[in-house]
Amino acid sequence: MSRPDLLEQIYTIVDQIPAGRVTTYGRIAAMTEGATPRMVGTAMRKLPEGNTLPWHRVVSATRRVADHGGAQRQMEKLREEGIVVDAHRRIPTHLFWP
DNA sequence: ACTATGACTAACT
DNA sequence: AAGTTAGCCATAG
């Protein structure tokens, strides 16, 4: 499988995360054929500004919103769909998908 | 071709 | 419990 295929797989999986739930870079990587968590992060970073993909529902394995330029915007989007992020940017365990 | 850098993680201290 | 380290590999310069 080529790298472009992996990218497509990553985006397909992210698109399937239900509203109000989240998952991790590592879990997404594990659902593909050979992608690494870093590649998933890279894929999210490449997304254009106005995309429809629910990229904000992807968090780190430590259950925290990853540290990046749009972290603030990500938390805002999460709050919009009812996901409460605590003062340490952490997500409640029961909201994880699958 | 080579180095540096990251929206990562699991394993150790 | 909180840092550090070693792997990771696509991108960018």
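So that the names make sense, note that chain A is the first sequence line, chain B the second, and so on, each numbered from 1.
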Tell me if a side-chain donor or acceptor on Q9(A) pairs with a main-chain N or O of M31(A) at a distance below 3.5 Å.
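No, because the side chain of Q9(A) does not come within donor-acceptor range (under 3.5 Å) of the backbone of M31(A).
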Test your reading of the model: is there a side-chain donor-acceptor pair from R21(A) to the backbone of P98(A), 3.5 Å cut-off?
no
Just the rounded figure in Å: distance from [atom2] of [N] to [atom1] of [X].
X      : N       : atom1 : atom2 : result
R27(A) : dT9(B)  : CZ    : P     : 11 Å
Y25(A) : dG6(B)  : OH    : P     : 15 Å
R63(A) : dA2(C)  : CZ    : P     : 13 Å
R64(A) : dT9(B)  : CZ    : P     : 12 Å
Q72(A) : dA7(B)  : CD    : P     : 16 Å
M39(A) : dT11(C) : CE    : C1'   : 12 Å
L7(A)  : dA10(C) : CG    : C1'   : 9 Å
H68(A) : dT5(B)  : NE2   : C1'   : 17 Å

Hey, is the side chain of R38(A) poking within less than 4.0 Å of OP1 or OP2 on dC8(B), counting only N and O atoms?
yes
Please give the distance between the C1' atoms of dC8(C) and dG6(B) as a whole number of Å.
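These two C1' atoms come out 11 Å apart once rounded.
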So what does M44(A) touch, heavy atoms closer than 4.0 Å: a base, only the sugar-phosphate, or nothing?
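Contact class for M44(A): base.
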If you look at every strand shown and take non-hydrogen atoms under 4.0 Å, does T62(A) touch a base, only sugar-phosphate, or nothing?
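It contacts nothing in the nucleic acid.
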With side-chain hydrogen bond (donor to acceptor under 3.5 Å, both in side chains) as the criterion, how do E81(A) and H56(A) come out once you've worked through the C-alpha distance, each side chain's angles and the decisive distance to 0.1 Å?
CA-CA 11 Å; E81(A) 54 184 65; H56(A) 55 283; 3.1 Å; yes
Do other residues, nucleotides or ligands put more than 12 heavy atoms under 6.0 Å from Q16(A) CD?
yes
Considering heavy-atom distances to DNA chain B, does G26(A) or T42(A) have its closest nucleotide positioned more toward the 5' end?
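Upstream on the strand: T42(A).
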